[in-house]
There are 2 protein chains.
Amino acid sequence: MWNNGAMTAEATTTRTPATPRAEARERTMRRIVELGNAQLAECGPGALSVREIARGLGMVSSAVYRYVSCRDELLTLLIVDAYGDLADAVDEALAEAGQGPRDRFLALATAMTRWAIAHPERWTLLYGTPVRGYDAPAESTNVGGTRVIARLLAIAADAQGGTGKAGAAGVRPAVRVTPAVEALLERHLAEFAVDSDVDSSLRAVTVWSGLVGIISAHVFGQLGADAVAVGEQILEIQGELLADLLIGS
Amino acid sequence: MWNNGAMTAEATTTRTPATPRAEARERTMRRIVELGNAQLAECGPGALSVREIARGLGMVSSAVYRYVSCRDELLTLLIVDAYGDLADAVDEALAEAGQGPRDRFLALATAMTRWAIAHPERWTLLYGTPVRGYDAPAESTNVGGTRVIARLLAIAADAQGGTGKAGAAGVRPAVRVTPAVEALLERHLAEFAVDSDVDSSLRAVTVWSGLVGIISAHVFGQLGADAVAVGEQILEIQGELLADLLIGS
DNA sequence: CCAAAAGCAAGAGCAGTGCTCTCTAAATGT
DNA sequence: ACATTTAGAGAGCACTGCTCTTGCTTTTGG
């Protein structure tokens, strides 16, 4: 469903009549996202200003509101862009990774880590505080936002299938879940079209949140200033530990 | 060093001459933190406004600057307050918990979870995006900020000692670390006065970041709107999984 | 082909923000 | 008792998001 939506949207965009006016509008829109990302990169979110973007465009501030109805919409635009970018990076890494679930998870984790370190402010935008109590409209951000976790769920499902039932059961004791949680999980698994079991998907969700937390701790410098220098080494070790949790050592 | 600093500061505050003016000043300071927290609770950080606090105090905005030199200092005040509050909650829970490392970790995790759910905006202030690219001055925030992780490190060290070397080595394969990381870890262990090994402390740091990530995912609603309803159940399961990672199942 | 409609951009303006400056009055230290 | 420090008021600057009105250009329909 999500994929189809994205594809039709792209097709529509491509086969647009391409009247000069619409074309110019699209160029300006892209320019706005560009300028927004640039502004984000140097000042962080929260300092994102419609007026500054207007200056970048060589317009007066009110003119920008022809393209973006309010500041929150601008934020949403950048969030969607960032989600897509991150998911692209992960997809690319997974395409070049091997077949083993552990390798694939580590490739995913490394790709996310690298992207976060390369774009700390955009990472902040995705996994930090929602700015100014602004909550991103799910219908527009979830499309890209769920792409990576869907990948992780698939890897977890694969790991469970790959190690065989006996082996998996040995290393990973079954977690006990309430019916409500089980129903929620199965709904989401169906949504992502992943064939997995409750245990694997719970591990996947936990590892997912854990991975985000680990990367955030690094990006936000919460482990202390001196930890930043060896951050990538620490992250690599932590990735291995999370792989143990996801797959079993 | 940190502890001594905090203690002398407290002593100084307590034995203050208590001249009526100084007393009034302290009252106003406390009132500012109160109002700040209230404002935080209803609008989230970022909407924190010096002028609104001035209105709450019944002053004109410029008068507030007698107490707080700028907005960032106000934020720092609230961050320190929140760190202390959270650490107090954890300490309280640990005081009532049993002796087993697993119980103690689960008590710590539960206390953090409950606090975060009870004070989502303050949690956001601590572990979300630094507001407006503001980075908290380490010298004032680290004191309270490290109290909880120090507790976790102690639990991890205890778990390692408790299960015995053979048992621990069986469940937890030794992680390979670079000398730089090892040096960093030992420095911090010395700082917290915790007697632990590299493996345990790396697991502790990983579990710590993972725990923060899991709680943040819940507080920020990153797992989807329908996950919030069963959030506490999910968090409980995830806590068990992290306990496995920290201690071994 | 030409008028009507729609879209783009400018400009003024409002309410809000953080923060600085000057000024008055009161409390304080000597 | 007098000089000094201090709390607070008030005006004001530069900035923000956002709205409304006003010209001008492009697109479109008859």
Side-chain angles (χ1 to χ4, degrees), chain A residues 16-33 35-36 38-40 42-79 125 130-137, chain B residues 16-33 35-36 38-40 42-79 125 130-137:
Chain A
T16 280
T19 123
R21 194 135 211 184
E23 201 177 319
R25 193 183 170 82
E26 248 182 63
R27 251 203 318 274
T28 310
M29 277 299 235
R30 262 195 296 274
R31 192 88 205 286
I32 286 178
V33 173
L35 287 167
Q39 203 173 322
L40 219 57
E42 62 185 25
C43 303
L48 197 96
S49 148
V50 175
R51 285 181 127 108
E52 183 61 35
I53 284 191
R55 277 187 282 274
L57 286 171
M59 292 181 189
V60 87
S61 77
S62 64
V64 181
Y65 287 87
R66 295 274 144 174
Y67 301 89
V68 165
S69 75
C70 63
R71 188 171 170 276
D72 281 3
E73 193 175 309
L74 175 61
L75 269 183
T76 305
L77 227 56
L78 296 175
I79 289 177
L125 196 59
V131 187
R132 286 256 291 178
Y134 150 87
D135 52 348
Chain B
T16 279
T19 124
R21 194 137 211 181
E23 201 177 320
R25 193 181 172 83
E26 248 183 63
R27 251 202 318 272
T28 309
M29 277 300 235
R30 261 194 297 273
R31 191 91 205 285
I32 286 177
V33 173
L35 287 167
Q39 203 171 321
L40 218 57
E42 63 184 26
C43 304
L48 199 99
S49 149
V50 175
R51 286 182 126 106
E52 183 62 36
I53 283 190
R55 279 186 283 273
L57 287 172
M59 294 180 186
V60 89
S61 77
S62 64
V64 181
Y65 287 88
R66 296 276 142 158
Y67 300 90
V68 164
S69 75
C70 63
R71 188 172 169 276
D72 280 3
E73 193 176 308
L74 176 60
L75 269 182
T76 305
L77 229 54
L78 296 176
I79 288 176
L125 196 60
V131 187
R132 290 253 291 177
Y134 150 87
D135 50 350

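Numbers restart at 1 for each chain; the letters A, B, ... are given by sequence-line order, proteins then strands.
With rounding to whole Å, B/E73 atom CD is found 14 Å from C/dC19 atom C1'. Between A/R27 atom CZ and C/dC8 atom P the separation is 13 Å, expressed in whole Å. Rounded to a whole Å, the OH atom of B/Y65 is 7 Å from the P atom of C/dT20. Distance CZ (B/R51) to P (C/dT20): 12 Å, rounded to an integer number of Å. Whole-Å rounding puts the A/M29 CE to C/dG7 P distance at 14 Å.
For the pair B/R55 (side chain) and B/V50 (backbone), a donor-acceptor distance under 3.5 Å is absent. Put simply, the side chain of A/R71 gets close to the backbone of A/L48: a donor and an acceptor are under 3.5 Å apart.
Counting heavy atoms from C-beta outward, B/R21 and B/R25 have side chains that stay 4.5 Å or more apart.
Atom CD of residue B/E23 and atom OG1 of residue B/T28 lie 10.5 Å apart, to the nearest 0.5 angstrom. Here the CG-CG distance, from A/L40 to A/L35, works out to 12.0 Å after rounding to the nearest 0.5 Å. Here the straight-line distance linking atom OH of B/Y67 with atom CE of B/M59 works out to 4.0 Å at 0.5 Å rounding. Distance CE/B/M29 to CG/B/L77: 5.5 Å, rounded to 0.5 Å. Taking CG from A/L74 and OH from A/Y65, the interatomic distance works out to 9.0 Å, rounded to the nearest 0.5 Å.
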With Watson-Crick and G-U wobble geometry limited to distances under 3.5 Å, how should the secondary structure of DNA chain C be encoded in dot-bracket form, using | for bases paired to another strand and [ ] for crossing pairs? ||||||||||||||||||||||||||||||
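Candidate nucleotides C/dG18, C/dA9, D/dG17 were compared by shortest atom distance to the side chain of A/Y67, and C/dA9 ranks first. Between D/dT16, C/dT17, D/dC18, one nucleotide has an atom nearer to the side chain of A/R71 than all others, and that is D/dC18. The listed nucleotides are D/dC18, C/dG18, D/dG17; the one nearest the side chain of A/C70 is D/dC18.
Here A/L74 lies out of heavy-atom contact (under 4.0 Å) with every strand.
Scanning all heavy atoms of the two residues, the minimum distance from B/S61 to B/R51 falls at CB-CG, 3.6 Å. Scanning both residues, A/V33 and A/L78, for their nearest heavy atoms gives O-CD2, 3.6 Å. Shown here for A/I53 and A/I32, the closest heavy-atom pair between the two residues is CD1-O, 4.1 Å.
The phosphate of D/dA7 has OP1 or OP2 within less than 4.0 Å of a side-chain N or O from B/R25.
Both A/S69 and A/E52 lie near DNA chain D, and the one whose nearest nucleotide falls closer to the 5' end is A/E52.
Listed by residue number, the members of residues 53-63 of chain B with any heavy atom below 4.0 angstrom from DNA chain C are B/R55, B/S61, B/S62.
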Nucleotide by nucleotide, 5' to 3', does protein get under 4.0 Å of the base (B), only the sugar-phosphate (S), or neither (-) in nucleotides 22-30 of chain C, counting heavy atoms? -----SS--
